[in-house]
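Here the structure is a predicted model, which means the values were calculated and not measured. We name chains A, B, ... by the order of the sequence lines, and we start the count at 1 in each one.
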There are 2 protein chains.
Amino acid sequence: MTKKEKILYAALRLFANKGFADTSTAELAKAIGVAESTIFYHFGSKEDLLLEVLREVRREVLRHFEEHERVQAYSCGLEKVEGLLGFYLYLSGVMEDAFLLLHRHYPYMLARENEVCREQLEAIYNCFIELFEQAVALGRADGSVADVRQRKVAMVLFTMVDGLARFKTYNLYDAGALFDEMIASVRKILTQPLSPRTDV
Amino acid sequence: MTKKEKILYAALRLFANKGFADTSTAELAKAIGVAESTIFYHFGSKEDLLLEVLREVRREVLRHFEEHERVQAYSCGLEKVEGLLGFYLYLSGVMEDAFLLLHRHYPYMLARENEVCREQLEAIYNCFIELFEQAVALGRADGSVADVRQRKVAMVLFTMVDGLARFKTYNLYDAGALFDEMIASVRKILTQPLSPRTDV
DNA sequence: TTTGCTACTGAGTAATCACTCAGTAGCGTT
DNA sequence: AACGCTACTGAGTGATTACTCAGTAGCAAA
């Protein structure tokens, strides 16, 4: 691994676990045994380093989902939705640092004024929601999913699984124990038709 | 408002919006027109100030929920669950800074080594989940909620609404538009009985 | 051998950081 | 008038911050 790559991955680890402001370039350099100025030689500034880290996170996340899409076969749309939810949670463990970084506030603050940052974040989130929505659409087509509002349901599903992934990486409570319950809930959401009026 | 209170609320606002590490005591002092040393006179250190802020957030959040519990009447458990979810989202707007702070990573990092911090966070989250669980239990008793695993369902509900609140305060997408969909989903989760085997 | 280029570094720098401290203004009690 | 106390401050402190820059080692082409 080149020194540039070492810096990139160490930065991901430290920015994710300690936060951007709480990680000094001196500390980062010391952690991998390079001179502090090497960081600035390769990346220009600390903020540009973060942007490069986000770019790398985007590449990795999309690569993982494309790979999953390519190799994993599902018998119906409902099963695919459930599979994707599981894969999301699995990824949040495999790419723990990346998800930790995505659950921090700093990147979203930066995104407000920095177009490059905004671009990476949007690409990542669009990828997630698109995949969920496509799986729901597939389910509607093959009959495994009832009549639901595709886009909105996909976003609710994403909200659920991302919230769970966040609690998992924050160690707030056991995500594994909750996952089964979430899947059961998702099945109810997707198999029951749109708002069967229950009043009076 | 005393200078001490001014410092406390300005700290909440700045810690929530800029982050703990990114808010300097000099900036905080300047924002409210007091000497920087006044902060240390009242709170001792920057970290102790954060702990005091979290204590205040805890007091406010619990007060709001107790008030809501006291004045709001619901005709059945299911309706109460839905009401609580709406109230949670409403609160995340009214107490935006507090929720922003609770959605940051720093307090949870601090909680690992600081008992006082851990205590405040646990009190807040326990309050939420307890209320949701009680409402679910009420629903089971009055028949508006089907046979479900109370605790786990309550946690899934909390995961959903907290995720939505987070996206709302991060301005990722329109929470209002998603809320109706979430309520519809919650109704499906709570009114359909436990896992009716759908295989083959 | 000279030249040019990339990768990298140690020694800086000004600015900012959290925090300290001696001192004071105001006010109630004796 | 003297005292004691609380609230508050301005002027510091040494440490740390992101970043700069002149210089060097190594290697490839001329």
Any ion pair linking B:E56 and B:R59 (charged N to carboxylate O, less than 4.0 Å)?
yes
Can you find a pair of side-chain heavy atoms, one from B:M155 and one from A:E181, that are under 4.5 Å apart?
no
Please state how far atom CG in A:D22 lies from atom P in D:dA18, giving the value in whole angstrom units.
10 Å
In whole Å, I'd like the distance from the NZ atom of A:K46 to the P atom of D:dT16.
15 Å
For A:F40 and C:dT13, give me the distance from atom CZ to atom P, rounded to whole Å.
17 Å
Who else is in B:M109's hydrophobic cluster (ILVMFWY, side-chain heavy atoms under 4.5 Å, direct or via others)?
none
Taking atom CZ of A:R166 and atom NE2 of B:H105, what is their separation to the nearest 0.5 Å?
9.0 Å
Using a 4.0 Å cut-off on protein heavy atoms (strictly under), produce a 5'-to-3' string for nucleotides 4-11 of chain C with B for base contact, S for backbone-only sugar-phosphate contact, and - for none.
--SBBBB-
Is the distance from OP1 or OP2 of C:dT16 to the nearest side-chain N or O of B:S24 less than 4.0 Å?
no
Length of the line joining A:D48:CG and D:dT20:P, which is rounded to integer Å
11 Å
To the nearest Å, how far apart are A:I7 CD1 and D:dA18 C1'?
15 Å
Please report, rounded to the nearest Å, how far the P atom of C:dA15 is from the CD atom of B:E27.
18 Å
ring-ring contact (aromatic ring centres under 6.0 Å, His included) partner of B:Y125, chosen from B:F158, B:Y88, B:F132:
B:F158
Below 4.5 Å, heavy atoms only, C-beta onward: do B:F15 and B:Y106 meet side chain to side chain?
no
